[in-house]
Every structure is written in C-alpha cells, then in structure tokens.
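Below is one structure; the comments refer to it alone.
As a basis for the values below, the full set of heavy atoms in this structure was taken, side chains included, without hydrogen atoms, waters or symmetry mates. Since this is a predicted model, take the numbers as computed values, not measurements. Naming: A, B, ... by sequence-line order, numbering from 1 per chain.
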Amino acid sequence: MRENDIILQTVSKVAVFIILTFGVYLFLSGHHNPGGGFIGGLTLSSAFVLLYIAFDVESVNAGIPLNYKMVAAVGVLIAICTGMGSLLFGSAFLSQSSAYFNLPVFGKTGFATVTLFESGVALGVVGVVITIMVSISEDV
Amino acid sequence: MISIHAFILIPILTAFLIPIFGRQFPKLHLGWVVLPVPILLFSFFVSKIPVISANKAITGSVAWIRALDLHFAVYLDGLSLIFTLLITGIGSLVVLYSIFYLSKEKESLSHFYTYLLLFMGAMLGVVLSDNLMVLYLFWELTSISSFLLIAFWFRRKKSRYGAQKSFLITVGGGIAMLVGFIMLQVMTATNSVQEIIAMRDSIQDHELFVPSLVLILLGAFTKSAQFPFHIWLPDAMEAPTPVSAYLHSATMVKAGLFLVARFTPVFGGEATWFWLVSGVGIFTMFWGSFTAVRQNDLKALLAYSTISQLGLMMSLFGLGSAALQGGASTNSIIYTQAIFAALFHLVNHATFKGALFMIVGIVDHGVGTRDVRKLGGLLSLMPITFTLSVIGSFSMAGLPPFNGFLSKEMFFTAVLNAPEMSIFSMDTWGLLFPIIAWIGSIFTFIYSMIIVFRTFLGPYRRERLEKDPHEAPIGMLLSPIVLCTFVILLFFFPNLLSKYLLAPAMNGILPTYQNMEGFIPKISAWHGFNLELLMTAGVVILGIVLMNTYRFWNVIYDLFPEKLSLDRGYQWILAASESGSKKATDRYMTGFLPNYLYYIFGFLLLMVGGTLFLSGSIAFDPSNDASVSLYEGVFVGIMSIAVVGILFAKSRMTATLLNGLLGYSIAVFFVLFRAPDLALTQLVVETVTTVLFLLCFYHLPEWSKEDRSWKVRFPKIIISIGMGALTVLIALSVQGNKLFESISSYFEDSYELAGGRNIVNSILGDFRAFDTMLEVVVLFIAGIGVYTLVKLKAPQGGDKIERK
Amino acid sequence: METIITLLIGVLVSVATYLLLSKNVIRVVLGSAILSHAIHLLLITMGGLKKGGVPILGGKVETYVDALPQALILTAIVISFAVTAFFLVLMYRTYQSVGTDNLHEMRGTNDE
C-alpha cells in the first residue's frame, strides 16, 4: 500500500522543516506580530501530522521517540507554573512582565515572561493534537 | 478559649489518620490507637466541671464566613457538658469494648474507627456549637457517619436497607430543621443560639415563630426516633453492637433531646411546643415499650426500649417547658422538676442502656444468636454477664437499688403534676399523662424482665445455639462492668451528679429560675409512702402477672397487623416514589438524542424568541454596515451553497470536504475582517480537523440515509429554520441596539500595559491569561479523554463482574 | 456587510441544527462543527466588521478593529477542535462496542 507515497514522502521531508521553522517563527513573533502559542503549537503539530500521513506511525515513532502525553502534561504544567511564578514576586496569579536587554549578537532583544507562558500553551497544544491523532491511528 | 475548637476537631482529624495507621501497623488492633482520643477528650471535659458547676459558660468563636454570619462559635455550659461527658466517656468504653468485639482479621477496622471518630467529632460539634448553621452542619455529619456505621457490613442487604432508612428519615428531618433555623435567623437576624435566647420576648408574636418551632421539632423527633419516625431505629440495629451501644442508645439519638433542651428557653411556654413535645413523647414512650414486648430479637427489643425511653425523656422536657409559661414564679417551679428528671434520666439511661447493649453483644458473640426463643439457661455458663444484665435491666425497669429507680420515680412525680396544671387546657387532658405513663411502665418492666429471664434462666437448649456458650473475655466485660458500677453508684450518690452536672444544666435551660428555692431538688431514694411508690408497686405486680400470662393476651398484637404498620407505609412511599419518578422520567427521557435536542431547541426558541418579541427589542439598523465588495459577496454565496450541499451529500466524504471548504472560507473572511491570528489558526485547525474526520471514518460505516418521511422531516425543518431565524434576529438586534460602550478600547493600550503590540495575543497571554491557562487544561483533558477512550477497553464481560 | 454575514450565519445555524437532529452520528458531529463555525462568525460580526486596522499596534492606522472577539474566537476555535475530536472518538468507540451508528438503535441498551 505504500508504493505510491514516494512523491508525498520526498516533499514531506522538505515541507516538514519549512513548516516547523514557520511554526517556531509564529510562536516567537506572537508578541508583536500575528502568531503566538496557539498558532505556533498548531502549526508545529500540523508538521507532525504531515509526517504521520506521509510515513507510517511506527517509523515516525521510531524516529521521534516522544511521549506526547508527557509533552502535553509538561506544557500544561509550564502554563500553570509560570502563573504561580508571579506569586513569588508578590503580584497576582498569572501577571506577566517584560524587559529589554542588549545582547551581543541579537542586539536589543525583548524578553517577556509571557513567552514562557506561551511556550507552555504551545507544548500543550502540540502534545494534545498529536496524542489524539496517534491514538486514533494506532487503534486498528 | 480556642482549645475547645481543637477538641471538636481532634477526633475528626484523627479519623483521617486512622487509615494511614492501619496500613503502617497491620498487626496492631486499631482500637488501641483510637482509645486514647476519647480518653483524652473525656479528661479534658472532666477538668472543666469546676468551671461549669460555678455556673460559668466557656465560649469561644472563630470567624469562618463573616459575610454570612457564620462563626465556628462554641458554647460549653452545663447542658453541653453532660453531653460531652457522655459522648467521650461512653465513647471510650465503646472503643475498649469494640477492641474485643471486632476481630482484627475479619473486619475492616480502619473504616470502622474512621467512621466512629468522625461521629464522635460531629456529635461534639452538635452539642458545643452556638452557631445555628454550624450546628446544622455537624448535625448532618452525625447522620452521615451513622449511615456509614450502620452500613458497615454493607454486603448484608438488611444493613444497606437500615442505613438508607435511617439516612432518609434523619436527613429529611435535618432539612426541616435547617428551614426552621433559617426562619429563626430571619426573625432575629443572628445565627447565635445564645443571642436568640436573649431575644426570646421580641420574637414570640412573629408569624414565623410557630412554623419554625414545628420544623425544628421535626428535626429533633426524627433524630430521637419519636413516633412516627421511630421506624428507623430498629433497622439501624444492623450495625455492629458497639455502634448500637454508642450511637443508637447513648449519644446520637439523644441529639434530638439536646436540641429540645437547648431550644426550651426559646420556645418553652408556647402551647404548640408543650403539646407536641410532651404528647409525642408520652405516646412514643407507650408505643415503644408496648412494641418491645413482642420482639424476639434481643437487639430489636432494646431498640424499641430505647425508643420508649427517649419518648419518656422527651415528654419530660415537654412537661417541664410549661414552667416558662407566664414567666418564672414560685408557683410554677414545681414544673421545672420534669426537666430535672429528664436530665437525670438522660445520664441514667446512657449508663444502663449502654451496658445492656454490650451485654447483648456478649451473648450474641458467645452464643451466635440473639433470638430469645432459642436462648435460655445461660446463667451457669455466663455468670458475670448475667449479673450485669440483672443490674442493667432492673435499673431500666425502675427498681431499687439502681439509678433507674430514682429517675423513674421522678418521672412519675412529673406526670402526676401534669393534671394539676392550669394552663394549656391540661385540667381536662392532663390525667392522660399519668395513665399512659403507668401503662408504658408496666410494659417497660415486662421487657426488662424478658432480657434477664428468657436469656439466662429457663431451660438450656444447646441444640438451638450455634456455638458453645462461654463467658466473655475480661476485656469485653470491662466496659459493661464500669457502666454497671455507675448504675449502682448513682443510686447511692445521686446528689453529687446533681450538684456538679445537673444543676448547671438546669441553670442553662431555665436561666430565669436560677437561684430560686427548690429549683434543684435533693434526690432521695426514700420519699415515704406516696402515690409514686404505689405506682411502682403496681407496675411490679401487674408486670409479673402479665409476663406470666403473656400467651393469653398476646393476641392483642394481632390488632396491629404487619400490613398496616408504619414500616410498610415507609416502604410503600419509597417504592411508590421510585416507580412514580421512573414513570415520569421515562415519559420524556427516551434515550434518543434528537428528542433531547428538540426539548433544548424548543425551549430556547420559546424563551429567547418569546422574550425578544414581548420586550419589543427587535431592531434592524443597517446604516452602520461596512460596504460589501464583490469577492466577499462571492464567498458568502460559496459558503451558502457549500453548507446547503452538506444536507444533500450522498457520501460522508463529500460532506466532510464541504465542511472543510466552509472552514477555509471562514479563514478568508477572517483575513478580510482584519484578524490574521484567527485566519492562521483557522487554516491549521481546519486542516487537522479534516484529517481527524478522515481518520475516524476508517472506524465508522458509510452514513446511512436519513428517514425521508415528512413526519420526521417537518419538525426538523421547522426547528432548524426557527433556530436560524432566531440567531439572525438576535444578531441584528444586537447591532441595532447599542446599549453600552465597548470595553475593547482598554485593550488598545496593550503595549503600555502588557508590553505587546499584538492586542489579540496580549489579551490571550496577559489580560485574560487565566482563560488561556484553563483552556489549555481543557484541551489537555480532552486529549486525555480521547486517549483513554481509545486505549482503555474493558475486557469482554468485565462489567458483569463489576455489577456483582 | 454585517447584515449579509448575519444572514449567512442564519443559514449555517439552520443547517447545523438540522444535522444535529439527525439519527446518524457523523451528521451530528458535522452539525456541531458547523455550529461552531457559525458562532465564530457571529462573534466577530458582533464586534463590527472592517471598522479599523489590524489590531497590531505600531502601524499607520489610528483605529483598530475590536480585538476582544478575536481573542474569544481564537480560544473557541481550539476548544471546538478538542470537542470535535472527542466527539468523533466517542462516536466510533460507541459504534465499536454497540455495533450501530444509528442513535435510534443505540437507545435502550440494557446497560442501565
């Protein structure tokens, strides 16, 4: 059944990287431009979905040995814990703050705690979407 | 005095530690771990006797929910002290007894002791709370722990039945009581019992006064097993015997009496209160003793005797409340003696009834049956148990030299005083009290004798017993021995008890009589040849005669056939309400999803649509609309065609692709509507969703054709078009009516407030981060749900085992 | 524009309701998916359409479209995806254990 997938597989190998890069870009640019945790996470997971479509579940799982349930759980934990973090500084739950630094290579760069929170969101989305996809595919 | 709070919470907190202990030290009998708790509490409360007997009350309050006037307020006065001593004292003895009664190997002790401690804490909370709502909370907690304890042997059908019955009745009464409490709160604007007592005069004419009185009494009557709510107590005897001794004779069932005593200063003097409490009490006293005689099971006999004794105390509280009619005076001081007798009997009853329950437990344990028809002749085999049972039963029958004699005489005095009251039309009806009390006492005498004579005397028939009878181990005998010692000691030194415990309690219940001459009587065993003594003599003589002629007059019980009993009534109500609600529910719960959706949509159309029409808020104002370009018009057309196409799609694949088309078009709209984030998300999600549909189609069959008959289609079309039209109307009306300023301009400062230029993302990550966090959690739950659904398949036939 | 979109929403809601009332489980799931599309459109329409620039600060425009509905919709899209996924799996697992995809036949299985 797999003979006809050559074109799909070849294209996927390239496309997946483009999508992954785009996903990371979307995730990082979310602060000032369109993008953010949800979109980034969804785009990343769509790259994985493409991989699963082009190749079979077993070989992808062998190549990327990740437990996506754990990824999702870690994401949720990060999202909640960064919220807790602000409590340590005496502000309300989930308060975010940001600051700018001058770094040698990147120049003036902004850091925001919201990025940490968003990374939790993104990981959560990636984990959940792929968990759903993979469990259905494996249920044969 | 925060420490009292701690003493209420200690048992409850220990209860949670018990399972841990049970796991850590599996070889230890958990009773030994538990035993120090009630002993500690007992010694604490004993140490408070000097303070309380000086007529001081110990109070303390911890704020809980201030806005609701909910304070964890405690109030320790003489009345509560009697109860706390009973709870902790009998509690200690029961725990000690249970160590020998319940075997470590066979029973789940950690459950048992957890429930028992939970109960102990709850009961302490009931008698110590000064706040109505907290009182109610603990009150229901006693019901719950009682339920758990009755159902301790939950594999027995009768245990479950008894547990459910007691729960339904006591919690039902508890809810009535809660309503009564709320009415009191409405009248007085406070939740504190003591403040309510102080406000007594100002609420007496309030229209809610009598309703709240009746409702609170409902709570007390159900808890204290008064007629006609007494039916739960015999079935509660399915509990292990230590539990019956503790909850269902000495403590929990007396919570109703406590409530009546506590509220006597509020409601006492009111005719309704007087008649309800004393009338129901005296009838329960008669009915309980009358029914007890026909019982064959020793524990059932004790249950009915408890009902009867509770009725006795209840009637005494009722009679005593007359003293509050028209204020305190030297003329009415004689009525207060009834309350004194009630308190005295309360203590006495706890001692002899606790002992008797333990004795029955010993017999049951040693012989294997509690049926009086099988028992007999155990005297020589269990001499100590026999001696103890004689002490307990003779005290219950009201014979000297046991404490029951004293309080029984005082009971007679009180009922003899009843016809002489000049209030509440007692001059006509009052004579009934001594008559009923006397008849009830005769039956009390008979069943007390049955316990001794039918069990320990008479022919010994080994073949009817399940085990070889033998005397119980000393540990098991210890608790009843202690109680029986008290039975005798209290006969000889009743005035000590009176001075240190009963007098402060009397002052608490009837503060207006405080320090009046003759308020605290001197209890003496010998009070001359008077009517009371003659009554007692009559009881003994008639009792002995009736007992020996039982087989000639027991036909009287056939007048009350099983078919017409209250128990049957209860079962009928239960069955009828079950089948009735099943019928009613089955009528609309068809198990067919579209039906439910019809209800939901129909309701929505009627309510929302109706409101829209009736309030005349339908508005249409297109003047503010943005312009429409050609492309947008084309996309609207495409979407309409696509969505209608889904309805007519022959294959599910077409439908899914059309749905995907719909999703992508919406993404385009998002672009046009200046929402790049949404457009991106929508694109990706739509792709993933479509893949998901296709994946799941692998597991599902091709969709079948819907029923095309007009009978099915017509209502569907009507509801669908209705929903569509309703949505349009609402949306247009919202656009046409600008009622409030938009709050969105606040978010346009996102760069200053949140440091982000992307407003949408700032809302998600900062302003409304809580929503986003919880959304991720929801997403996670959905993911776990999917995973579980797919992976965890019950093995074939698995749920059949579960149902057994 | 708003009026036209509102009418489109009406059509979407009607079709979604019709599908939800079907006996076949796939139709029900599709119905719920279309219903969420309709609601997303409804939300964004409520905020007013094309009343300003993209809600990203620093551009040349002075006014922005309402960002709040957009944030709400973004949340809703992701949630509706999760719900659809759960529905689908629930449906096919039900089909596997009950043996029918017809809601009418599913009722009254003696599992009560």
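Interatomic distance, B:Cys696 SG to C:Ile26 CD1, rounded to the nearest 0.5 Å: 9.5 Å. Once rounded to the nearest 0.5 Å, the distance linking OH of C:Tyr92 with CG of B:Leu695 reads 8.5 Å. Once rounded to the nearest 0.5 Å, the distance linking CG of C:Leu68 with CZ of B:Arg768 reads 8.0 Å. Considering CD1 of B:Ile719 and OG1 of C:Thr17, their distance stands at 9.0 Å, rounded to 0.5 Å. Distance check, rounded to the nearest 0.5 Å: CE of C:Met1 to CD of B:Glu632 gives 4.0 Å. Rounded to the nearest 0.5 angstrom, C:Leu8 CG and B:Phe669 CZ are separated by 6.0 Å.
A side-chain donor-acceptor contact under 3.5 Å links C:Arg93 to the backbone of B:Leu789. Panel note: side chain B:Ser720, backbone C:Tyr18; a donor-acceptor pair is recorded below 3.5 Å. No donor-acceptor pair closer than 3.5 Å links the side chain of B:Glu775 to the backbone N or O of C:Ala76.
Across B:Asn595, B:Ile666, B:Val644, the residue that shares the most heavy-atom pairs under 4.5 angstrom with chain C is B:Ile666. Chain C forms the most heavy-atom pairs under 4.5 Å with one residue out of B:Asn758, B:Leu700, B:Ile721, B:Ile781, and that residue is B:Leu700. In terms of heavy-atom pairs under 4.5 Å with chain C, the best-connected choice from B:Thr727, B:Val643, B:Leu597, B:Ile730 is B:Val643. Heavy-atom pairs under 4.5 Å with chain C peak, among B:Asp677, B:Ile717, B:Leu672, B:Leu729, at B:Ile717. Taking C:Ile9, C:Leu19, C:Val28, C:Ile79 one by one and counting their heavy-atom pairs under 4.5 Å with chain B, the maximum is reached by C:Ile79. Interface summary for chain C: among B:Thr656, B:Val778, B:Val684, B:Leu732, the most heavy-atom pairs under 4.5 angstrom belong to B:Leu732.
Across every non-hydrogen atom of C:Thr6 and B:Val728, the tightest pair is O-CG2, 3.5 Å. Here the closest heavy-atom approach between residue C:Ala71 and residue B:Leu764 is recorded as O-CD2, 3.8 Å. Annotation for B:Ala782 and C:Ala82: closest pair CB-CB, 3.7 Å, computed over non-hydrogen atoms. B:Pro701 approaches C:Tyr95 most closely through the heavy-atom pair CD-CZ, 3.4 Å.
Side-chain contact between B:Leu726 and C:Val13 is absent, with no heavy atoms from C-beta onward closer than 4.5 Å. Residues B:Phe601 and C:Leu20 form a side-chain contact, since some pair of their non-hydrogen atoms from C-beta on lies under 4.5 Å apart. B:Thr772 has its side chain out of reach of C:Thr75: every pair of non-hydrogen atoms, C-beta onward, lies at least 4.5 Å apart. Between C:Ile77 and B:Phe670, the closest side-chain pair of non-hydrogen atoms falls below 4.5 Å. The shortest distance between side-chain heavy atoms of C:Lys23 and B:Val712 does not fall below 4.5 Å. Two residues are said to be in side-chain contact when any heavy atoms from C-beta on lie closer than 4.5 Å; B:Leu678 and C:Ile44 meet this criterion. The side-chain heavy atoms of C:Met46 and B:Gln735, taken from C-beta on, include a pair separated by under 4.5 Å. Looking only at side-chain heavy atoms (C-beta outward), B:Asn761 and C:Gln70 stay at 4.5 Å or farther from each other.
The environment of B:Tyr599 atom OH is dense: over 12 non-hydrogen atoms of other residues, nucleotides or ligands sit within 6.0 angstrom. Residue B:Phe767 places its CZ atom among more than 12 non-hydrogen atoms of other residues, nucleotides or ligands, all under 6.0 Å distant.
The part of C:Asp101 that comes within reach of chain B is its side chain, from C-beta onward, which places non-hydrogen atoms under 4.5 angstrom from that chain. Heavy-atom distances place the side chain of C:Leu42, and not its backbone, under 4.5 Å from chain B. C:Leu21 touches chain B through backbone and side chain together, each having a heavy atom under 4.5 Å away. Looking at C:Ile5, only its side chain comes within 4.5 Å of chain B, counting heavy atoms on both sides. If you measure heavy-atom distances from B:Phe673 to chain C, the contacts under 4.5 Å come from both the backbone and the side chain. Contact of B:Phe592 with chain C is made through backbone and side chain together, with heavy-atom distances under 4.5 Å. Using a 4.5 Å cut-off between heavy atoms, B:Val760 touches chain C through backbone and side chain atoms alike. With a threshold of 4.5 angstrom between heavy atoms, B:Leu692 approaches chain C through its backbone and through its side chain. Interface remark: C:Glu2 contributes backbone and side-chain atoms alike to the contact with chain B (heavy atom separation under 4.5 Å). With a 4.5 angstrom heavy-atom cutoff, C:Ser80 does not touch chain B via any of its atoms. Heavy-atom distances place both the backbone and the side chain of B:Val636 under 4.5 Å from chain C. For chain C, the nearby part of B:Ile646 is the side chain; its heavy atoms alone come within less than 4.5 Å.
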(request) I would like to know whether C:Leu30 and B:Trp703 meet side-chain contact (heavy atoms from CB on, under 4.5 Å); could you show each step before the answer? (result) CA-CA 12 Å; C:Leu30 262 181; B:Trp703 70 16; 3.9 Å; yes
(request) Begin with the C-alpha distance, continue with both residues' side-chain angles, and end with the deciding distance and a verdict on side-chain contact (heavy atoms from CB on, under 4.5 Å) for C:His37 and B:Asn659. (result) CA-CA 10 Å; C:His37 285 325; B:Asn659 179 46; 3.5 Å; yes
